Amino acid sequence: MTVPSLASSLSDSVTASAARLGMADLAPQLRRSAHADFQADGVLAAARTLRRNPRQVAAEVVAGLPDDGLVASAVVAGPGFVNLDLTDRALLAQLIRRLGDDRLGVGTPETGVTTVIDYSQPNIAKEMHVGHLRSTIIGDALVRILEHLGGTVVRRNHIGDWGTQFGMLIQYQVEHPEPAPDDTGTMGRLATLYRLARAEFDTDSAFADRARRRVVALQAGDAGTVAAWRNIVAESTRYFTDVYDRLGVRLTDADTVGESAYNAALPAIADELERRGVAVTSDGALCVFFDDLRGPDGEPSPLIVRKRDGGFGYAATDLAALRQRVAELHADRLLYVVDARQARHFRMVFDTARRAGWLPATVPAVHVAFGTVLGPDGRPFKTRAGDTVRLVDLLTEAVDRAREVVAAKNPGLTGAALDERAWQVGIGAVKYADLATNRTRDYLYDPQRMLALAGNTGVYLQYAHARVRSILARADGGHTTVDVTATLEPAERALILDLDAFADTLAEVVAGHEPHRLCGYLYRLAQTFTTFYEHSPVLRATGPQRANRLALCHLTGDTLRTGLHLLGIPTPDHL
RNA sequence: GCGCCCGUAGCUCAGCGGAUAGAGCAGGGGACUUCUAAUCCCAAGGCCGCAGGUUCGAAUCCUGCCGGGCGCGCCA
């Protein structure tokens, strides 16, 4: 069941009042205010188009507000703001409505919408690093939110399991036989192999040629080469699965459809683009050109579908994947959670797909771009050795640091229970730190900040949630009946108003594919709850006040738990 | 050269046209016989990169500069 927010009900009231005055298309522009519960600023804009005195128009709108028990006071302020305070009864009635729905009244607006979302995308035989963390965490949060809103979500982990680097890896293995892949679930052996093979590839052109021939053998299906490839992919996949488990991300083998899966479809992609006149041959390569995309020489720069040597690059693969997602997976929306550096690539891919007729105008395709991870020097992050930070090392350190703090605060907690709590806190901290900032910004890698356990962090939210649970546990459960005739204190009003904004916030998050807005919302909610916690004792209260405060705790706890769950952050009952 | 993203407190970031620009961290001062002090309170800290423009109103929209990051033909 969808429970309209107080803000939207109020907005409707203002719209209705304005309509009766002949202002049919007034947008109330309702927002929270320091001067009242809400302020409506839209009257100002409307008055201008009417060429009337804004304060006068505002006064008329105020006078025409329906008398439905929602508004306690409506006054005109400043140049023509309408300040609106709600009645305590309306706030408490709204509390009842949200509590009465097991999904907090957010409804299922995504029902019937299929989203195919592409995220994580690690590369075979390469370590996962902080950049993969961003894609994985943002993607996971969007999946959880869309599913919570009733949507059908198809996850696609488009792993890099095909391409030139495999010729390099396999050829190196052939020339430098090593023990068979171990089964320890670490990337160590493959990472070493990659580094050695890359070094030889870059310095020995004869080896590079042999590696390229090996690619041809792989693509032609040579049995021995394919077997070697399968081994490498399997070893990497075990490692990725281990990392996803440690992250608490629900990506499985079923969601993993790598670049190789589209191999057979590539020739048809090229043929069709050529036949339709979308792609043309240039310098021997099959290319799609775009009028407004040019290179340094001023010439149009292409999307290369098929290379001069007849091979296919990732443009062809992405096009094949896109077509399959629309035609066979019936996507109503395509999301790609990928580094912002790929912006031009995706623009070209989407544009090409539109021209080819594979991407109908009704299906939005969005590059959910995130900024580059930068080091302390403001340059793309590399360690002194030239490597990026291994994701597993970051996670290990996060959990280790959390374990120290958890153990210090909970001397009785040991063994598996301690490990569990440390994991919940440490992973929560990392995820929150990653999700809390606007994804489009470049991202400064700062372990001090990511692993912090005080201030605006995941722990703050977990802590607020645990405090709620503690109160509820001591309250002896039971059904609490809200008394709508009670008088609310400021901290209680503020809490209800924040709680009521949950559903609207989720809608914003989906509209902009911006999980950081949910972080910001939950942090404000936790702050508001903490203020309430400091000012309004629950268990020492009596009668209707106690019941109402318990109800507030119930809804706060459920909202924090649901919201954190949607971000993939665990919510232990005790901290 | 062209294009995309970014520029807000010492640091890291919120703020998607509204009233006095907000958090956290760092640094200063306070609060645990009271539902969890992983918390809270107080003080301090700002030419919102610069300059124009639109508007009753601009950190927010537009234009131009300046600075940083990234991208632009056979890697992905």
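Numbered from 1 within each chain, the chains take letters A, B, ... in sequence-line order. Since we're looking at a predicted model, the values are computed, not measured.
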Check if the side chain of [X] and the base of [N] share a donor-acceptor pair of N or O atoms closer than 3.5 Å.
| X | N | value |
| --- | --- | --- |
| Asp339(A) | rA76(B) | no |
| Glu259(A) | rA76(B) | no |
| Glu508(A) | rC16(B) | yes |
| Ser282(A) | rG73(B) | yes |

With a non-hydrogen cut-off below 4.0 angstrom, is [X] in contact with a base, only sugar-phosphate, or nothing?
| X | value |
| --- | --- |
| Gln462(A) | nothing |
| Arg341(A) | sugar-phosphate |
| Ala285(A) | base |
| Arg347(A) | nothing |
| Arg308(A) | base |
| Ala47(A) | nothing |
| Asp41(A) | base |
| Tyr533(A) | base |
| Gln448(A) | nothing |
| Asn83(A) | base |
| Cys553(A) | nothing |

Cation-pi check, Arg467(A) to Tyr533(A): give yes when NZ or CZ is under 6.0 Å from the six-membered ring centre and within 45° of the ring axis, no otherwise.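 Yes, Arg467(A) sits over the ring of Tyr533(A).
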
Flag this pair as yes if the NZ/CZ of Arg198(A) is under 6.0 angstrom from the six-membered ring centre of Phe207(A) and inside a 45 degree cone about the axis; otherwise no.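 That pair does not qualify as a cation-pi contact.
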
No-hydrogen, no-angle side-chain donor-acceptor test under 3.5 Å, Thr528(A) and Thr531(A):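 Short answer, no.
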
Pairing donors with acceptors under 3.5 angstrom, does anything connect the side chains of Tyr443(A) and Asp434(A)?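 Yes.
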
Between Arg401(A) and Glu404(A) (salt bridge meaning N to carboxylate O under 4.0 Å), is one present in this structure?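 No.
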
Anything under 30° is parallel, anything over 60° is perpendicular, the rest tilted; go ahead and classify Tyr460(A) against Tyr523(A).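 Tyr460(A) and Tyr523(A): tilted rings.
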
Aromatic rings His367(A) and Phe346(A): how do their planes relate, parallel, tilted or perpendicular, breaks at 30° and 60°?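 Correct class here is tilted.
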
Please compare Val459(A) and Gln29(A) by the position of their nearest nucleotide in RNA chain B and report the one closer to 5'.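 Comparing both residues, the 5'-ward one is Gln29(A).
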
Of Asn410(A) and Ala343(A), whose closest RNA chain B nucleotide lies nearer the 5' terminus?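 The residue whose closest nucleotide sits nearer the 5' end is Ala343(A).
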
Can you tell me the pairing partner of [N] across any strand shown, Watson-Crick or G-U wobble, with both distances under 3.5 angstrom?
| N | answer |
| --- | --- |
| rU60(B) | none |
| rC35(B) | none |
| rC4(B) | rG69(B) |

If you check the Gln39(A) side chain, which of rG18(B), rC74(B), rA76(B) turns out closest?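 Nucleotide nearest to Gln39(A)'s side chain: rG18(B).
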
Looking only at side-chain atoms of Thr530(A), point me to the closest of rU12(B), rU8(B), rC40(B).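 Minimum distance to the Thr530(A) side chain belongs to rC40(B).
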
Measure from [atom1] on [X] to [atom2] on [N] and round the result to the nearest Å.
| X | N | atom1 | atom2 | value |
| --- | --- | --- | --- | --- |
| Lys409(A) | rC32(B) | NZ | P | 17 Å |
| Leu293(A) | rG71(B) | CG | P | 16 Å |
| Glu127(A) | rA76(B) | CD | P | 21 Å |
| Asp434(A) | rU12(B) | CG | C1' | 14 Å |

Given the P atoms of rC5(B) and rC62(B), what is the spacing between them in whole Å?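 After rounding to an integer number of Å, I get 10 Å for this pair.
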
Evaluate whether the aromatic ring of Tyr463(A) and the six-membered ring of the rA38(B) base sit under 5.5 Å apart, centre to centre, with an inclination under 30°.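 The base of rA38(B) is not stacked with Tyr463(A) (the test needs centres under 5.5 Å and planes under 30°).
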
